[in-house]
Amino acid sequence: MRFGIGDAVVDVIADIDRFALPAGFLPDCDLEALLPHRDLLEPDHVDFAGGTFLLGVQALLLRVAGLVVLVDTCVGENKSRPNHPAWHERSATGFLERLAAAGVAPEAVDVVFCTHLHADHVGWNTRLLNGRWVPTFPRARYLIGKRELAQWMGRAQQDPGVNHGSHADSLLPVLEAGLVETVEDGYELAPGVTLVPLPGHTKGQMGLRLERNGARAIFCGDAIHTPVQVLRPEWSSRVCADPLAAAATRRELLECAAEDGTLLVPAHFRNCGCARVRREGGGFLLVFGPG
Ligand SMILES: [Zn+2]
């Protein structure tokens with residue numbers, strides 16, 4: 001899937017497509033309450049009969065202002081994730097081939113931006129070469145929020161296996177290679193390309209706000225996991241560090257998007273990878289695709 005935002009071009013590069021999560025992933029969720037939206041949500045985003053949410057795990061390849069930017073790097077290959085069978089010791093996934101089909105070799109990536117440091121957002125930061133984890137994108141600057149990095153470095157002192165082991169195999173190697181640049185709220189990557197705070201899912205999650213030629217978008221990571229959360233913004237996930245803050249961040253995102261037409265580009269929307277929202281009564285409705 002490819003779409004444009006002003007003069008910027010975005011390709012959705014899937015790592016895992018059709019990742020099913022039980023409805024309990026959103027602990028407050030009542031699937032029956034979503035039945036009026038069944039036509040919108042099935043078959044791509046909710047399996048009502050199976051009681052699951054359907055997500056993609058995908059990187060967003062952004063070409064803007066002469067830069068090749070990869071937003072979030074998914075699960076990756078050869079990573080030991082015994083508590084997550086769909087993520088465990090994957091091989092021959094075709095991810096880098098799909099990146100190549102979009103016209104980008106690993107050496108051509110200028111910037112990797114991880115919205116946050118969960119295992120499904122950092123996996124392709126590294127790959128296994130001769131038994132060692134090496135940066136997959138050797139020329140890239142890896143941008144990581146200062147608060148986000150500090151938090152997980154602290155957690156890793158107590159538990160080196162934190163984030164399913166991704167801290168050790170997907171973060172430390174790029175830090176040790178000197179490729180990480182820590183960034184603060186408001187960091188401007190290029191004209192009209194700014195990193196902004198989206199706290200709640202993790203304390204230090206950040207998004208990438210794009211404004212080019214009058215078109216607006218926000219790459220918002222896991223501030224919105226599933227289209228279900230556009231319909232019910234108060235339903236935070238069970239893996240959110242601060243569910244109330246996550247819900248407040250989500251509502252603010254949706255209000256802004258409904259107000260000024262900002263395109264939402266979350267990390268896990270299947271197929272089109274993006275949506276626009278509009279107000280409907282006291283809530284929001286969404287229209288998939290760049291529109
Ligand atoms: Zn995620």
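Since this is a predicted model, take the numbers as computed values, not measurements. Every number for a ligand or one of its atoms is a count from 1 in the order of the listing.
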If you look at every heavy atom in [X] and [Y], which pair is closest and at what distance?
{"X": "Arg270", "Y": "Asp44", "result": "NH1-O, 2.8 Å"}
{"X": "Arg209", "Y": "Thr262", "result": "NH1-OG1, 4.2 Å"}
{"X": "Ala223", "Y": "Leu253", "result": "CB-CD1, 3.6 Å"}

His164-His88 aromatic ring centre distance below 6.0 Å
no

Count, excluding waters, the protein N, O or S atoms that are closer to the Zn ion (ligand 1) than 2.8 Å.
4

Ala140: which residues meet the side-chain contact (heavy atoms from CB on, under 4.5 Å) condition with it, sequence neighbours left out?
Val109, Val112, Phe137, Tyr142

Taking C-beta and beyond as the side chain, do Arg81 and Asp169 meet within less than 4.5 Å on heavy atoms?
yes

